[in-house]
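These values consider heavy atoms only, across backbone and side chains, with no hydrogens, waters or symmetry-generated copies.
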Amino acid sequence: MSGKPRLTYLNGRGRMEPIRWLLAAAGVEFEEVYLETKEQYDKLIKDGVLLFQQVPLVEIDGMKMVQTRAILSYIAGKYNLYGKDLKERALIDMYVEGIADLMQMILMFPFSPPDAKEKNLESIKERATNRYFPVFEKVLKQHGQDFLVGNKFSWADVQLMEAILAVEEKVPAVLSGFPQLQVFKTKMSNMPTIKKFLQPGSPRKPPPDAHYVETVLKVFKK
């Protein structure tokens, strides 16, 4: 096994995208293996590689890690993106969990039936503007610092940046009432590792299309 982390998932965002974001933000190069058939997925299960018969799978430091949250917290800890003490870690965890709730809606959106798409889009917009983004706007305004926790770049900043861009793809003017988040987005976009990840040709995946949805349904069909 090479020194690079190896990521096994589909060729699309899904639950692997926050992991790609975090590794890229930490300046870590990684390799990817894409599942395209149910047989590939079944073989991983049969070989006992997937602890709970689920992907994402990340092979790192001699471990075969599953469960998105466990993978993310390991990477954050390893690359010093997880605060300086327990209190900072608790704040990062709270922010990350909140963002994950919003991202879950975005994750499921491509799989909405056509007649529910408009309603689900409205829900994403409503939650982002009334429940989630106001929290981060207030945090940044109150402490007047560039980052969410401890005035230091952390996992929470990476997740928030990913969420902002994901919501903007669906609701382009979503940040219009959030001046602090606009500044935050600009700052994050200019951080060298994130700037690189946002360039064409990076491992960042495009928004899910019909082909991606079809592949997901095919690979994971019961």
**OP:** Examine the side chains of Tyr212 and Asn11 and answer whether a donor and an acceptor come within less than 3.5 Å of each other.
**Re:**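 No donor-acceptor contact under 3.5 Å links the two side chains.
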Subject >> Distance-only donor-acceptor check, side chains Gln104 and Arg15, under 3.5 Å >> reply: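 Side chains of Gln104 and Arg15: pair found under 3.5 Å.
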Provide the closest heavy-atom pair for [X] versus [Y] in the form atom of the first, atom of the second, distance.
X	Y	value
Ala24	Thr193	O-CB, 3.3 Å
Leu7	Met16	CB-CE, 3.6 Å
Glu168	Val174	CG-CG1, 3.8 Å
Ile71	Pro56	CD1-O, 4.0 Å
Leu148	His143	O-NE2, 3.1 Å

For the residue pair [X] and [Y], establish whether any side-chain heavy-atom pair is separated by less than 4.5 Å.
X	Y	result
Phe30	Val58	no
Glu59	Thr8	yes
Met105	Ser123	yes
Lys218	Lys38	no
Leu23	Pro5	yes
Phe111	Val216	yes
Lys117	Phe109	yes
Lys125	Leu121	no

Is the backbone of [Y] close enough, under 3.5 Å, to the side chain of [X] for a donor and an acceptor to pair up by distance?
X	Y	answer
Gln199	Lys195	yes
Gln40	Thr37	yes
Asp157	Ser154	yes
Asn80	Ala76	no
Gln182	Leu175	yes
Ser202	Leu198	no
Tyr41	Gln53	yes
Asp61	Met63	no
Glu122	Glu118	no

**OP:** Could you note down all residue pairs passing salt bridge (charged side-chain N to carboxylate O under 4.0 Å, His left out) where residues 21-30 supplies at least one of them, sequence neighbours left out?
**Re:**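 For residues 21-30, and leaving out neighbouring residues, the salt bridge (charged side-chain N to carboxylate O under 4.0 Å, His left out) pairs sorted by first residue read Lys4-Glu29.
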**OP:** Inspect the surroundings of NZ in Lys64 and state if more than 12 heavy atoms from other residues, nucleotides or ligands are less than 6.0 Å away.
**Re:**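 12 or below, so no.
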**OP:** Run the ring-centre check on Tyr9 versus Tyr34 and record whether the distance is less than 6.0 Å.
**Re:**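 Between Tyr34 and Tyr9, which both carry aromatic rings, the centre distance is not below 6.0 Å.
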About how many Å separate [atom2] of [Y] and [atom1] of [X], when rounded to the nearest 0.5 Å?
X	Y	atom1	atom2	result
Ile92	Phe147	CD1	CZ	12.0 Å
Arg13	Trp21	CZ	CH2	9.0 Å
Thr215	Leu35	OG1	CG	10.5 Å

Original post:
Yes or no on side chain to side chain contact (heavy atoms under 4.5 Å, CB included) for Glu162 and Leu22, after CA distance, side-chain angles and deciding distance?
Top reply: CA-CA 10 Å; Glu162 181 193 359; Leu22 194 57; over 6 Å; no
Subject >> Identified salt bridge (charged side-chain N to carboxylate O under 4.0 Å, His left out) counterpart of Glu32 within the set Arg6, Arg204, Lys205 >> reply: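 It is Lys205, the one option of Arg6, Arg204, Lys205 that forms the salt bridge (charged side-chain N to carboxylate O under 4.0 Å, His left out) with Glu32.
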Subject >> Where at least one partner belongs to residues 81-95, residue pairs that pass side chain to side chain donor-acceptor pair (under 3.5 Å), sequence neighbours excluded >> reply: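 The answer is Arg69-Tyr82, Arg69-Asp93, Tyr82-Asp93, Lys84-Glu88.
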